[in-house]
Enquirer: 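The structure is given below, and queries will be raised subsequently.
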Amino acid sequence: MNLKLLSMSFVVLVGLAACSNDLDATPAEGARTMSLSADLTSSSTLLRTVNTGDTTVYGWNLLEGEATLDGETVEVQMLGNVDYVSGNGDFFGFITFVFADESTIGVRMIGQATAASDTSNATFASSLTVIGGTGAYLDVTGTGTFTGERQDALGGLVSSDFVLELVPAV
């Protein structure tokens with residue numbers, strides 16, 4: 001019985017060691033970090049306000065802007081879906097980065113908004129998952145983050161920062 005327990009303990013320890021090595025793994029070969037900042041403005045919205053005191057807002061907002069990467073302009077298009085109570089809550093959607101050569105990267109976002117007590121401004125944080133790309137980014141994968149801040153009411157300008165760890169297709 002003790003030998004069996006010792007064998008099982010060894011298997012568990014080896015398994016944990018293997019997992020530990022995966023956590024410390026270096027980035028995939030050819031991985032590239034892409035960091036962009038953009039001021040995004042609302043070009044179209046469909047937002048509904050419901051419930052007592054008009055506290056719940058849901059719907060979508062299309063935000064657009066430009067960033068610069070390696071001296072080239074990058075168009076940023078964000079379609080955000082919101083479900084906020086008193087300005088706080090979940091959002092999700094899609095972001096498309098369009099590069100000067102017409103290459104694109106498509107990204108899915110899932111995040112949280114945190115509003116000031118009067119909902120006049122908010123901060124945003126989300127995880128990003130690369131869906132794929134075209135042109136120079138064909139079949140790219142990766143993950144990243146989006147953080148942002150809005151100094152106006154919902155629908156106002158969002159100062160945005162995006163960081164993507166891009167892994168090219170093999």
Enquirer: Would you call T56 and R48 a side-chain contact if the rule is heavy atoms closer than 4.5 Å?
Expert: no

Enquirer: Tell me every residue that passes side chain to side chain contact (heavy atoms under 4.5 Å, CB included) with T68, counting only those two or more places apart in sequence or in another chain.
Expert: none

Enquirer: Show the numbers, then the answer: is there a side chain to side chain contact (heavy atoms under 4.5 Å, CB included) between L164 and T33?
Expert: CA-CA 6 Å; L164 291 173; T33 301; over 6 Å; no

Enquirer: Have S42 and N61 got a donor and an acceptor in their side chains that come within less than 3.5 Å?
Expert: yes

Enquirer: Do you know the tightest heavy-atom contact between S35 and L69?
Expert: O-CD1, 4.0 Å

Enquirer: Nearest 0.5 angstrom please: E64 CD to E75 CD, how far?
Expert: 8.0 Å

Enquirer: Answer yes or no: does atom CD1 of I110 have more than 12 heavy-atom neighbours from other residues, nucleotides or ligands under 6.0 Å?
Expert: no

Enquirer: Report the hydrophobic cluster partners of I131, with the cluster defined as I, L, V, M, F, W, Y residues connected by side-chain heavy atoms closer than 4.5 angstrom, directly or transitively.
Expert: F94

Enquirer: Are the side chain of S103 and the backbone of A136 linked by a donor-acceptor contact shorter than 3.5 Å?
Expert: yes

Enquirer: Roughly how far, to the nearest 0.5 Å, is CG of D83 from CG of N88?
Expert: 11.5 Å

Enquirer: Ignoring hydrogens and geometry beyond distance, is a side-chain donor-acceptor pair present between T73 and E66 at under 3.5 Å?
Expert: no

Enquirer: Which residue pairs satisfy the ring-ring contact (aromatic ring centres under 6.0 Å, His included) criterion with at least one member in residues 143-170, sequence neighbours excluded?
Expert: F97-F162, F146-F162

Enquirer: Could you state the interatomic distance from OG1 (T96) to CE (M78), rounded to the nearest 0.5 Å?
Expert: 10.5 Å

Enquirer: Between L40 and S160, what is the shortest heavy-atom contact and its length?
Expert: CD1-OG, 3.4 Å

Enquirer: Any salt bridge (charged side-chain N to carboxylate O under 4.0 Å, His left out) pairs touching residues 87-113, not counting sequence neighbours?
Expert: none

Enquirer: Which pair of non-hydrogen atoms, one from A115 and one from G87, has the smallest distance, and what is that distance?
Expert: CB-O, 3.3 Å

Enquirer: How long is the gap from CG on L62 to CG on L79, to the nearest 0.5 Å?
Expert: 6.0 Å

Enquirer: Quick check: closest heavy atoms across S159 and D39, and the distance to 0.1 Å?
Expert: OG-OD1, 3.3 Å

Enquirer: Are L63 and V98 linked, directly or through other ILVMFWY residues, by side chains that come within less than 4.5 angstrom of each other?
Expert: no

Enquirer: Please name the pair of heavy atoms, one in V76 and one in A67, separated by the smallest distance, quoted to 0.1 Å.
Expert: CG2-CB, 4.3 Å

Enquirer: Measure across V140 and G133 and return the closest heavy-atom pair with its distance rounded to 0.1 Å.
Expert: CG1-N, 4.1 Å

Enquirer: Is the shortest heavy-atom distance from the side chain of F124 to the side chain of R150 under 4.5 Å?
Expert: yes

Enquirer: With sequence neighbours excluded, give me every side chain to side chain donor-acceptor pair (under 3.5 Å) pair touching residues 126-145.
Expert: R32-Y137, T104-T134

Enquirer: Give every residue pair that meets the ring-ring contact (aromatic ring centres under 6.0 Å, His included) criterion with at least one member in residues 50-84, sequence neighbours excluded.
Expert: none

Enquirer: Does either side chain, that of D54 or that of T49, offer a donor lying less than 3.5 Å from an acceptor on the other one?
Expert: no

Enquirer: Decide yes or no for V130 and L128: does some side-chain heavy atom of the first lie under 4.5 Å from some side-chain heavy atom of the second?
Expert: no

